[in-house]
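In what follows, a single structure is set out as structure tokens and then discussed.
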Amino acid sequence: MPAPRVRFAPAPTGYLHVGSARTALFNWLFARSRGGAMVLRIEDTDASLKAQEYVDAIVEPLGWLGIDWDEGPHFQSERGGLYAEAIDRLVAAGAAYFCDLSGPEIEARAAEADLPPGYHGWSRDRGVKDGPGAVVRFRAPDTGATVVDDLIRGRVSFPNPALEDFVIRRADGSATFLLANAVDDRHMGISHVIRGEDLLNATPKVRLLWEALGYGPPPAYAHLPLLVNEKRQKLAKRRDDVSLGHYREQGYLPEAMANYLALLGWGPPDKTEIRPMAEIVALFDLGAVTKSPAFFDPRKLDHINAAYMRALTPDELVERAEPFLRGRFGPGGRAGRYDPEAVRALAPEIQPRAAKLSEVAGWVDWVMAAEVDYDPRAWHKVMVKGRAAAEVLELVSERLAGADFASAERLESIVMGAGDEIGARLGARVLSQAPVRVALSGSNVGLPLWGPMRLLGRDETLARLRKARARLAEQGGGEDREI
RNA sequence: GCCCCCAUCGUCCAGCGGCCUAGGACGCCGGCCUUUCACGCCGGUAACACGGGUUCGAAUCCCGUUGGGGGUGCCA
């Protein structure tokens, strides 16, 4: 079996659709797993698709995902000559003909003939000459069927009479997708066409063109199941979050996204879902791809992303999260200073808690902030309603004054010890960690305190403790505290 | 309307005639761990759409029904 040649052929739409990304990935997986080549082709036959400005919107996200290609991008907008030549041949052979009927005229004729809406071969024998406004239509067979042996779906048969005489050249002289597809796949030596199921119905038309052009054995086809939303409809720009770039902005890791995408419509035989792409390449099998549509489930994506987040080294976390952290401080942001060292030092504590890069800031920003931003609910729950908060803050402040801040263990034992001590005196359990946490971070949930305290240092820690104590005293807390 | 595709837990995958009292993962629920929140660990919940065949035997094969989806453009 010769090495396959596949192609990813998106239309430039200004962004990369997750469904397209999945298609690109499966093409890539197939090519890479079989030592084949992948070509990138931009399907911009429609003049309204301004390829040039939109190419980056496809190329860049593909690179982000880790998908590379061996050839291209080729642009259909630059291959008009090839298409024109093919169209001429078809017309000369009588396989295609000119038509000058407008949309309304076509519908009027359909209504008049009491036929379903659409074109019904009216210009076949009208002897229309080429000229301004004339399109070229392919003369579809009136009998028989076109059979496609799909690698995923098996044999699919399309009755030819159901096919209209579709347009292969527009009035402006440009070729349509169907024609360009056949010509390009042939000229680019494509062996396997792997694309979305929404194109399954287009396949017989391309195949008919292929035969009419005398192209010989056609490529193999594999139609991937569609990606759908929770309502089981094809993912669409209007109603769904379909831009790959948007997921990137939300802080998903490209390797997690690629891993998840690979799981939509396919699963590794050994059931290990989260794994390096190299292993997925080795295990990938086009014939094992599922037939039914797959729901793009953001929750599972989150799970996978979280797993990849946890697997990052501290340096990697710092590097990846940087774009999400820088700019959070200073002008327009919180008072404070972005400190990559703090992120690096706390990485092991941040990683199991941040499911996405965008969540990293929420766990560490207080360490870098100049001012504590108290969460009112946390303050009330811990400082006002909590047991012995004031006493804890006082004793902890006292003990910390002479403590060794280089040792996180020491800081922990001081805070915990203070709680135990007060608890013993009161004859009730005192959770000293909570008030200290609120005093330092403003929140009652967060990273283990000891590492951050070390980073804050004695002065800053004591200053925050002091501020919280003053605030507590100021509020005259006491009456509704449950001692 | 016509053409095409699909049909296993809520979701994603396993299953390709007997190993299935249907397996894994996400989610959800419960527990353990834990002086926060997570992570981790343990356990639980939950499905072969329906009806006919074929067969000693069907989630697996065939037919039909129903349901869902896609296409039906001078978009791709």
Side-chain angles (χ1 to χ4, degrees), chain A residues 9-13 20 43-46 48-49 76 99 101-103 115-119 133-137 148 150 152-154 156-159 161-164 166-178 180-181 195-204 223 225-226 228 230-234 260 263-274 288 290-304 306-307 310 348-355 363 378 382 412 415-416 419-420 423 429-434 436-438 441 443-449:
Chain A
T13 52
S20 300
E43 307 234 310
D44 56 347
T45 60
D46 187 323
S48 68
L49 302 175
Q76 290 191 327
C99 171
L101 262 27
S102 68
L115 286 165
Y119 178 82
V135 302
V136 176
R137 288 180 182 275
V148 176
D150 191 280
I152 294 170
R153 273 144 230 291
V156 185
S157 180
F158 301 85
L163 267 26
E164 286 185 359
F166 52 91
V167 172
I168 59 175
R169 194 199 74 183
R170 303 187 182 90
D172 68 4
S174 64
T176 61
F177 150 80
L178 269 357
N181 228 265
R195 40 149 53 161
E197 197 202 327
D198 51 345
L199 291 170
L200 182 55
N201 290 298
T203 308
H223 287 90
L226 253 25
V228 299
E230 58 289 328
K231 288 161 73 184
R232 315 281 330 157
Q233 295 165 315
K234 176 167 81 160
Y260 177 59
L263 262 17
L264 292 175
W266 178 81
D270 63 4
K271 299 186 177 180
T272 300
E273 298 186 322
I274 301 177
T290 310
K291 295 176 180 177
S292 44
F295 168 48
F296 183 90
D297 186 357
R299 288 189 304 185
K300 183 141 182 173
L301 206 211
D302 281 348
H303 170 79
I304 293 175
R310 274 179 254 125
E349 304 289 13
I350 296 169
Q351 285 174 280
R353 294 174 175 79
W363 292 101
V382 174
E412 174 174 6
V415 174
M416 299 304 246
D420 292 343
R429 193 144 193 245
V430 170
L431 306 181
S432 56
Q433 174 261 166
V436 174
R437 175 181 299 286
V438 173
S441 75
S443 171
N444 61 333
V445 297
L447 266 28
L449 250 16

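What you see is a predicted model, and the numbers here were worked out from it, not measured in a lab. Reminder, nothing fancy here: chain letters follow the sequence lines and each chain counts from 1. Any value given below was found using the heavy atoms of this structure, including those in side chains, with hydrogens, waters and symmetry copies removed.
- For G196(A) against L226(A), the heavy-atom pair with the smallest separation is C-CD1, 4.4 Å.
- The existence of a salt bridge linking E197(A) and R153(A) is confirmed by a sub-4.0 Å separation between a basic side-chain nitrogen and an acidic carboxylate oxygen.
- Distance CG (L178(A)) to C1' (G73(B)): 11 Å, rounded to an integer number of Å.
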Filtered N/O pairs between nucleotides 2-6 of chain B and protein, under 3.5 Å:
{"residue": "C5(B)", "atom": "O2'", "partner": "R153(A)", "partner atom": "NH1", "Å": "2.8"}
{"residue": "C5(B)", "atom": "O2'", "partner": "E197(A)", "partner atom": "OE2", "Å": "2.9"}

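- Every residue two or more places apart in sequence or in another chain that forms a ring pair (Phe, Tyr, Trp, His ring centres under 6.0 Å) with W266(A) is listed here: F284(A).
- Aromatic ring centres of F166(A) and Y119(A): separated by at least 6.0 Å.
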May I have the list of side-chain donor-acceptor pairs in residues 267-274 of chain A shorter than 3.5 Å, sequence neighbours left out?
{"residue": "D270(A)", "atom": "OD1", "partner": "T272(A)", "partner atom": "N", "Å": "3.1"}
{"residue": "D270(A)", "atom": "OD1", "partner": "R275(A)", "partner atom": "NH1", "Å": "2.7"}
{"residue": "D270(A)", "atom": "OD2", "partner": "R275(A)", "partner atom": "NH1", "Å": "3.2"}
{"residue": "D270(A)", "atom": "OD2", "partner": "R275(A)", "partner atom": "NH2", "Å": "3.0"}
{"residue": "E273(A)", "atom": "OE1", "partner": "K300(A)", "partner atom": "NZ", "Å": "2.9"}
{"residue": "E273(A)", "atom": "OE2", "partner": "K300(A)", "partner atom": "NZ", "Å": "3.3"}

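- Taking atom CD of E412(A) as the reference point, atom P of U36(B) lies 11 Å away to the nearest angstrom.
- Of all nucleotides present, none satisfies the Watson-Crick or G-U wobble test against A59(B) with each distance under 3.5 Å.
- Look at T290(A) and you'll find a side-chain N or O under 4.0 angstrom from OP1 or OP2 of A14(B).
- Under the Watson-Crick or G-U wobble criterion, with both distances below 3.5 Å, U54(B) has no partner in any strand shown.
- Spacing between atom CD of Q233(A) and atom P of G70(B) amounts to 6 Å, rounded to whole angstrom units.
- Here the nucleotide nearest the side chain of F295(A), chosen from U11(B), G40(B), A76(B), is U11(B).
- Across all strands shown, U72(B) forms a Watson-Crick or G-U wobble pair, both distances under 3.5 Å, with G1(B).
- Distance L447(A) CG to C37(B) P: 14 Å, rounded to the nearest Å.
- Comparing R437(A) and G265(A) by the nucleotide of RNA chain B whose heavy atom lies nearest to each, the residue mapping closer to the 5' end is G265(A).
- Checked by atom type and distance alone, the side chain of S441(A) pairs as donor or acceptor with a backbone atom of S443(A) at under 3.5 Å.
- Look at NE2 on H223(A): it is 12 Å from C1' on A76(B), rounded to the nearest Å.
- At whole-Å resolution of the value, CG in N181(A) and P in C74(B) are 16 Å apart.
- Take D420(A) and apply the salt bridge (charged side-chain N to carboxylate O under 4.0 Å, His left out) test, not counting sequence neighbours, and it matches no residue.
- Across all strands shown, G43(B) forms a Watson-Crick or G-U wobble pair with C29(B), both key distances being under 3.5 Å.
- If you check C9(B) for Watson-Crick or wobble pairing at under 3.5 angstrom, you find it has no partner at all.
- Across every strand in view, A22(B) sits unpaired, with no contact that passes the Watson-Crick or G-U test at under 3.5 angstrom.
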What's touching nucleotides 23-30 of chain B from the protein side, N or O pairs under 3.5 Å?
{"residue": "G23(B)", "atom": "O2'", "partner": "K271(A)", "partner atom": "NZ", "Å": "3.2"}
{"residue": "G23(B)", "atom": "N3", "partner": "K271(A)", "partner atom": "NZ", "Å": "3.4"}
{"residue": "G24(B)", "atom": "N2", "partner": "E273(A)", "partner atom": "OE2", "Å": "3.0"}
{"residue": "A25(B)", "atom": "O2'", "partner": "E273(A)", "partner atom": "OE1", "Å": "2.7"}
{"residue": "A25(B)", "atom": "O2'", "partner": "K300(A)", "partner atom": "NZ", "Å": "3.2"}
{"residue": "A25(B)", "atom": "N3", "partner": "K300(A)", "partner atom": "NZ", "Å": "3.3"}
{"residue": "C26(B)", "atom": "OP1", "partner": "H303(A)", "partner atom": "NE2", "Å": "3.3"}
{"residue": "G27(B)", "atom": "O2'", "partner": "R299(A)", "partner atom": "NH1", "Å": "2.9"}

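- Of the two residues near RNA chain B, A354(A) and K231(A), the one whose nearest nucleotide lies more 5' is A354(A).
- With sequence neighbours excluded, no residue forms a salt bridge (charged side-chain N to carboxylate O under 4.0 Å, His left out) with R195(A).
- Remark: C48(B) base-pairs with no nucleotide; criterion is Watson-Crick or G-U wobble with both hydrogen-bond distances under 3.5 Å.
- As rounded to whole Å, 14 Å separates atom P of A7(B) from atom CG of L226(A).
- Rounded to a whole Å, the CG atom of D420(A) is 9 Å from the C1' atom of U35(B).
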